Protein chains: 2
Amino acid sequence: MKQQAIIHELQRLGLRNTRIRRELVAIFQHADNPLAVPDIARELADRRLYPNKTTLYREVSRLARCNLISELDIGDGKKRYEMQTDHHHHLVCEQCHAITCVPIANQLCQLEEELAIHHDFSISRHTLEFYGTCRKCQKAGGGRR
Amino acid sequence: MKQQAIIHELQRLGLRNTRIRRELVAIFQHADNPLAVPDIARELADRRLYPNKTTLYREVSRLARCNLISELDIGDGKKRYEMQTDHHHHLVCEQCHAITCVPIANQLCQLEEELAIHHDFSISRHTLEFYGTCRKCQKAGGGRR
DNA sequence: ATTTTTGCAAAAGGTTTGCATTGAC
DNA sequence: GTCAATGCAAACCTTTTGCAAAAAT
């Protein structure tokens, strides 16, 4: 989805076309990694824009609620967000915290159905992330650390 | 593993046999849900024991590092811990936050191998949790909320 | 003009740090 | 006696809340 389409989407959802929203959309579109609110704040600060953090938190969670961005939690105490795209998962490096997206042909559908029936639990989504050591850190950090 | 075995395991790891550790082990053994530190503190407070929270955090993360308990993050800002047992995953109810463990025949091994080779990323573990609505909430919360 | 959005200050909630004291071995 | 473990106070960090001011429709 491109910038314009997103702005329209926002309006369709009854959200007004504001500066912060445009900036957030642009940031997420250019990001090559999921971003946490503090990351975004820093990025904007670098550009001499100092949006209020309350606003960022509010806006980001609104965009997530509207399914324009999706939420990722790698267990380090911050929620990260990325442009909503096809369903995928992540490789998270435990040393340098780099995050790589991996599209995965969904092998979990059948499993979900079985679980749903067996536990009488209606599944709406799942999270699946892989943790380990990325290429760079395998080479660099070999013995030390 | 039973209480005694765990105490021995602690000692084998060079950890001293202290009151707090014994209490923690007992709590985790009787827990039927993963527990966060604030939960544990509350539980101990109910029993008129008021351990320092710093100690709890330190101790819990030590037990996790020693693989006596395992960590679970359901994305609500608290880390939960549960007795280390066989590999399993969780059904997390988005309404009442109940957590159900589901043992899963690991279908992910092959996928992990493929990912590892393809991305030159050495995978050490993964997280897989399912979110949705539990039976109780399906009945109770049907239309409202 | 109305309603949403923003900014600010304050606080909440989980977690960590530094340092002195206590307790296990 | 030695070193690990505990307690306390303070801080850290992300996130939330309440309310008034500003901007979008």
Side-chain angles (χ1 to χ4, degrees), chain A residues 6-27 34-45 47-66 68-69 71-82 97, chain B residues 4 6-27 33-45 47-66 68-69 71-82 97:
Chain A
I6 291 174
I7 303 293
H8 285 142
E9 180 65 11
L10 284 177
Q11 298 190 314
R12 199 184 62 70
L13 292 165
L15 301 180
R16 293 176 177 177
N17 175 0
T18 69
R19 188 169 71 79
I20 297 258
R21 263 171 212 150
R22 272 175 267 126
E23 247 142 36
L24 282 177
V25 169
I27 283 183
L35 299 172
V37 169
D39 302 330
I40 298 173
R42 229 170 289 122
E43 184 155 340
L44 288 172
R47 298 203 246 131
R48 300 287 125 83
L49 305 167
Y50 300 97
N52 188 271
K53 66 184 164 161
T54 306
T55 306
L56 290 183
Y57 280 105
R58 243 177 336 213
E59 228 28 69
V60 158
S61 66
R62 179 149 26 204
L63 296 181
R65 239 179 299 117
C66 296
L68 288 170
I69 58 181
E71 198 179 292
L72 166 68
D73 192 322
I74 62 170
D76 68 342
K78 309 187 242 189
K79 291 187 177 158
R80 279 154 223 269
Y81 300 87
E82 62 190 330
H97 301 110
Chain B
Q4 271 316 307
I6 291 175
I7 303 291
H8 284 142
E9 179 66 9
L10 284 176
Q11 299 190 313
R12 199 185 60 73
L13 293 164
L15 301 181
R16 292 177 179 175
N17 176 0
T18 68
R19 188 170 69 80
I20 298 260
R21 262 172 212 149
R22 272 175 268 125
E23 249 143 35
L24 281 177
V25 169
I27 284 185
N33 267 314
L35 298 173
V37 169
D39 302 330
I40 297 172
R42 227 171 291 124
E43 184 154 341
L44 287 173
R47 296 204 246 131
R48 300 286 126 82
L49 305 167
Y50 301 96
N52 189 271
K53 63 184 168 166
T54 305
T55 305
L56 291 183
Y57 281 106
R58 244 178 334 215
E59 228 27 69
V60 157
S61 66
R62 178 148 25 204
L63 296 182
R65 236 180 301 117
C66 296
L68 288 170
I69 58 181
E71 197 179 292
L72 166 67
D73 193 321
I74 63 169
D76 69 341
K78 310 187 240 189
K79 291 186 177 158
R80 279 155 223 270
Y81 300 85
E82 62 190 332
H97 303 110

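If you're wondering where the values come from, they're calculated on a predicted model, not measured in any experiment. Protein chains get the first letters and strands the later ones, always in sequence-line order, with residue 1 at the start of each.
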TODO: Could you state the atom-to-atom distance from CG of B/Leu15 to C1' of C/dG23 in whole Å?
DONE: 15 Å

TODO: In whole angstrom, give the distance that lies between atom CZ of A/Arg58 and atom P of C/dT4.
DONE: 14 Å

- [ ] Just call it for B/Thr18: base, sugar-phosphate, or nothing, with non-hydrogen atoms closer than 4.0 Å on any strand.
- [x] sugar-phosphate

TODO: Could you pick out which residue, A/Thr54 or A/Pro38, lies toward the 5' side of DNA chain D when each is mapped onto its nearest nucleotide?
DONE: A/Pro38

Open item on the list: Please report the distance, rounded to the nearest Å, between CZ in A/Arg19 and P in C/dT6.
Closed with: 9 Å

TODO: Measure from the side chain of A/Arg21, starting at C-beta and using heavy atoms only, and say which of D/dG7, C/dT5, D/dT14 lies closest.
DONE: C/dT5

- [ ] Check the distance between D/dA24's P and A/Glu59's CD and give it to me in whole angstrom.
- [x] 13 Å

- [ ] Determine, for A/Glu71 against A/Arg80, whether the closest basic-nitrogen to carboxylate-oxygen distance falls under 4.0 angstrom.
- [x] no

Open item on the list: Any base atoms under 4.0 Å from B/Arg80, or only sugar-phosphate, or nothing? Heavy atoms, all strands.
Closed with: nothing

Task: Nucleotide C/dT5, atom P - distance to CG of A/Leu24 in whole Å - done: 13 Å

Task: CZ-CG distance between B/Arg65 and B/Leu13, expressed to the nearest 0.5 angstrom - done: 11.0 Å

TODO: Give the rounded distance in Å between these two atoms: CD1 of B/Ile74 and P of C/dG14.
DONE: 13 Å

TODO: Measure the distance from CZ on A/Arg16 to P on D/dA22 and round it to the nearest whole Å.
DONE: 16 Å

Task: D/dT16 phosphate, OP1 or OP2, under 4.0 Å from A/Tyr57 side-chain N/O - done: no

Open item on the list: Would the distance check show the side chain of B/Arg16 and the main-chain N or O of B/Gln11 forming a donor-acceptor pair, the cut-off being under 3.5 Å?
Closed with: no

- [ ] Go through C/dA9, C/dG14, D/dT6 for me and flag the one nearest to the B/Ile20 side chain.
- [x] D/dT6

Open item on the list: I want to verify a distance call: between D/dT25, C/dT5, D/dA5, whose nearest atom is closest to the A/Arg62 side chain?
Closed with: C/dT5

Task: Whichever of B/Lys53 and A/Pro51 has its nearest DNA chain C nucleotide further upstream toward 5' - done: A/Pro51

Open item on the list: So, taking the atom named CG in A/Leu68 and the one named CZ in A/Arg62, what distance separates them when rounded to the nearest 0.5 Å?
Closed with: 11.5 Å

- [ ] Establish, with yes or no, whether the OP1 or OP2 oxygen of D/dA24 is under 4.0 angstrom from a side-chain nitrogen or oxygen of A/Gln11.
- [x] no

Task: Protein-nucleotide distance (B/Asp39, atom CG; C/dG13, atom P), rounded to Å - done: 14 Å

Open item on the list: Return the NZ to CD1 distance between B/Lys53 and B/Ile40, rounded to the nearest 0.5 Å.
Closed with: 14.5 Å

